Engineer: 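Mind having a look at this structure? Questions to follow.
Since this is a predicted model, take the numbers as computed values, not measurements.
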Protein chains: 2
Amino acid sequence: MSKGRSKRVSLKDIANKLGVSTALVSYVLNGQEKEKRVGAEIVIKIRQALEEMNYVPNHIARSLRNGKTQTIGLIVTDIANPFFSSMARCIEDEAGKKGYTVIIGSSDENCNKSRRLVDTMLNRQVDGFIIVPADGCYDYATLIVNEGFPLVMVDRYIPELSTNYVVLDNFGASYDAVNYLISRGYKKIGMVAYKTNLIHMKERIRGYTEAVKNAGLGKRIWEIRYDHQKDDIKKMTQQFQDKNNVKNVDALFFATNTLTMAGLYRVNELKLQVPEEVAVIGFDGNEAFDFYSAPLTYVKQPGNEMGKEAIRILVEQIEGSGKISHISLAHQLILRNSC
Amino acid sequence: MSKGRSKRVSLKDIANKLGVSTALVSYVLNGQEKEKRVGAEIVIKIRQALEEMNYVPNHIARSLRNGKTQTIGLIVTDIANPFFSSMARCIEDEAGKKGYTVIIGSSDENCNKSRRLVDTMLNRQVDGFIIVPADGCYDYATLIVNEGFPLVMVDRYIPELSTNYVVLDNFGASYDAVNYLISRGYKKIGMVAYKTNLIHMKERIRGYTEAVKNAGLGKRIWEIRYDHQKDDIKKMTQQFQDKNNVKNVDALFFATNTLTMAGLYRVNELKLQVPEEVAVIGFDGNEAFDFYSAPLTYVKQPGNEMGKEAIRILVEQIEGSGKISHISLAHQLILRNSC
DNA sequence: CATATTTGCTTTATCGATTCAGCAAGACAT
DNA sequence: ATGTCTTGCTGAATCGATAAAGCAAATATG
């Protein structure tokens, strides 16, 4: 038998106690005593009563009335991915400071799940969205924008959709990383990317392509299917080891931290030495990179800054700004021993 | 200028369209057409209209009326910690299946933050809590229980508080891990734990103590302060390396993944070989453990199962069960090369 | 046939906060 | 003295869904 939950004090309780109307109390509560011409003495009395009776506004009632919930929906591909979990951490902290609460969902890069999450969140009447869009199904993002809901895309964006985003300068980061490999004397540089039409991946591939082209080197790209990761990575490792294969490499550039991890697991299984037998550059960062036998050189994304910017822009939008922000953040190449 | 958000269809809209009262529509919506004796034809018409007009219930209004928000508050120490982020992932998925939404907060093992999070969540009228309690300040947990809110503690619990929990058999796991070290011939086994009164840590320490005592070995414990981690770990490494110190060791057992990581960073800085110069057993798991020069032997916690159980119990409670569940899950010792 | 009972629906209060419209009473101007 | 303004407050509608209470009409029972 659950103990009786003590009912909270309502505006009405305060009003009754003082023998005034709820309107007055509400005005004082919302700092409108000037505009609404509330008497000076009664203001003081109301403030006291609010304090004494330990009044806490009912969020739900307020939301129903105002149509604002002070809630933000965050959809990432996987909250268990350290890049996203640390970004989420930052988003929650920042949102909290501004009086917003965050609800999080993981889409697994899957359209149906994304749509279901968006539906749930719309149903919960979030005031705005921060979304890492999944590949292919832009309908729900379009819906969000068309309905006039504030939306900030992070990590990647949908070029066709005119809305806010905060991303890495993916082309630049990738170009930079590959050039570093080139400067270290590697000639057969491979890139392991995801097979997707998402712009961030396209840009990372373009950075790689541009860099190897400028150096007069051959292009070796694997596009791994997200839902056949293991098979495709296996095939990849077979090809890149084979001296007779056109895709034989001396260095590998991985396009995300999940790909880096998957690749390294396989490299370990095959007992390949890094960087002697194959050099490696990772992406995104992961504590695991620090502990690899050869600590990994990698492209570090400013995940926290990304989260902070996203919240800042979103709240601006929620509060009525009409301007659309497109932000590209700079990467950092962390140099260590893997190449 | 934000585009006009198209107003959603309400119960009233449906009722008006059909020329019936909202009560009827509500009954049909909630499957009470039998109890509330709604006519067979009108039921069909209402169902059709709900379908056609694409009706979606207003969650906020429902919450205000029912006093239930179908929302769960989850407080962990740090959502960026992979142990908790993967648990959170699992909790969200399971909660979603049962029609609940989760809001997450990170306490950083800090009382004030914990309290603020609980306040926010109470204010948002969550239906129940899943909490990883922080050290020392049990007031808010007691408050939650006394107010009659369902609460499930995970990872650790507060013995004085009679409520549900799902934890690891910490004593057993620790005992087992240390015995494994003993069976491998290590004689000077040290344990690195956090300085805290929390039961899970006490139990892990008790497991270690019991194991070394039974083997007639000396006790070497470091209790690291959570907010002076770096200093304390440094001091620890100085002592355990010193052959003349009573705390000199040939093997280290770390009590959490954050401690393991912090310890390994330091071990790497000092260029100590694992396991030759010092053997290591970790706790909790972390992808990083797989990539350590000597892949780490560690105590694996069933984080997903913990999350699943927690949600199951919590929802049971929310739906009115009075029974209190105390669940201890079994660990798994993952054997590899670090000892 | 007269009285119960059942069936099918409507009315209305409620959850708690917000806010517009409106009403007295006093201040001020003409 | 009459009309206009200002001040300080109240009443009631509203957001959308739920559910208790009540009311006719239809059916059943004696």
Engineer: Judged by modelled atom types alone, do A/S85 and B/R89 share a side-chain donor-acceptor pair under 3.5 Å?
Structural biologist: no
Engineer: For A/N123 and D/dA17, what is the distance between atoms CG and P respectively, to the nearest whole Å?
Structural biologist: 11 Å
Engineer: Roughly how far apart are B/D155 CG and B/T77 OG1, rounded to 0.5 Å?
Structural biologist: 7.5 Å
Engineer: Between A/N16 (CG) and D/dT10 (P), how many Å, whole number?
Structural biologist: 11 Å
Engineer: Can you find a side-chain donor-acceptor pair between A/R124 and A/T71 that sits under 3.5 Å?
Structural biologist: no
Engineer: NA contact type, A/V20, heavy-atom cut-off 4.0 Å: base, sugar-phosphate, or nothing?
Structural biologist: sugar-phosphate
Engineer: Using 30° and 60° as the class limits, which term best fits the ring planes of A/H326 and A/Y165: parallel, tilted or perpendicular?
Structural biologist: parallel
Engineer: Looking only at atom types and distance, does a side-chain atom of B/N66 sit under 3.5 Å from a main-chain N or O of B/K68, one as donor and one as acceptor?
Structural biologist: no
Engineer: Within the structure, does a side-chain N or O atom of B/S10 lie under 4.0 Å from either OP1 or OP2 of D/dG16?
Structural biologist: no
Engineer: Atom CD of A/E35 to atom P of D/dG8: distance rounded to whole Å?
Structural biologist: 14 Å
Engineer: Under 4.0 Å: is that the gap between some side-chain N or O of A/N66 and OP1 or OP2 of D/dC15?
Structural biologist: no
Engineer: Just checking B/K12: does its NZ atom have more than 12 heavy atoms from other residues, nucleotides or ligands closer to it than 6.0 angstrom?
Structural biologist: no
Engineer: Can you identify which nucleotide, out of C/dG22, C/dG16, D/dT18, has its nearest atom closest to the A/L64 side chain?
Structural biologist: C/dG16
Engineer: Mind calculating the distance between CG (B/L11) and P (C/dC15) to the nearest angstrom?
Structural biologist: 19 Å
Engineer: More 5' along DNA chain D: B/Q32 or B/N58, using each one's nearest nucleotide?
Structural biologist: B/N58
Engineer: Report each atom pair, protein N/O against N/O of nucleotides 11-13 of chain D, whose distance is under 3.5 angstrom.
Structural biologist:
none

Engineer: What is the distance from CZ of B/R37 to P of D/dG22, rounded to the nearest Å?
Structural biologist: 14 Å
Engineer: Between C/dT18 and A/R62, is there an OP1 or OP2 to side-chain N/O distance shorter than 4.0 Å?
Structural biologist: yes
Engineer: Please enumerate all protein N or O atoms sitting under 3.5 Å from an N or O of nucleotides 25-28 of chain C, with distances to 0.1 Å.
Structural biologist:
none

Engineer: Taking CD from B/E33 and C1' from C/dT7, how many angstroms apart are they, rounded to a whole number?
Structural biologist: 15 Å
Engineer: Rounded to whole Å, please give me the gap between NZ in B/K36 and C1' in C/dT6.
Structural biologist: 17 Å
Engineer: Base, sugar-phosphate, or nothing for A/I42, non-hydrogen atoms under 4.0 angstrom?
Structural biologist: sugar-phosphate
Engineer: I'd like to know if the side chain of B/R116 pairs up with that of B/S107 as donor and acceptor (distance under 3.5 Å, no hydrogens or angles considered).
Structural biologist: no
Engineer: Could you say whether B/A40 or B/A61 is positioned toward the 5' end of DNA chain C, judged by the nucleotide with the nearest heavy atom to each?
Structural biologist: B/A40
Engineer: Could you grab the distance from atom OH of A/Y157 to atom CG of A/L198, nearest 0.5 Å is fine?
Structural biologist: 11.5 Å
Engineer: On DNA chain C, compare the nucleotides closest to B/L24 and A/L24; which residue's is nearer the 5' end?
Structural biologist: B/L24
Engineer: Starting from P on C/dT18, measure out to NZ on A/K12 and report it in whole angstrom.
Structural biologist: 15 Å
Engineer: Checking the side chain of B/D127 only, and the main-chain atoms of B/T69 only, is there a donor and an acceptor separated by less than 3.5 Å?
Structural biologist: yes
Engineer: Kindly compute the distance separating CG (B/L151) from OH (B/Y140), expressed to the nearest 0.5 Å.
Structural biologist: 9.5 Å
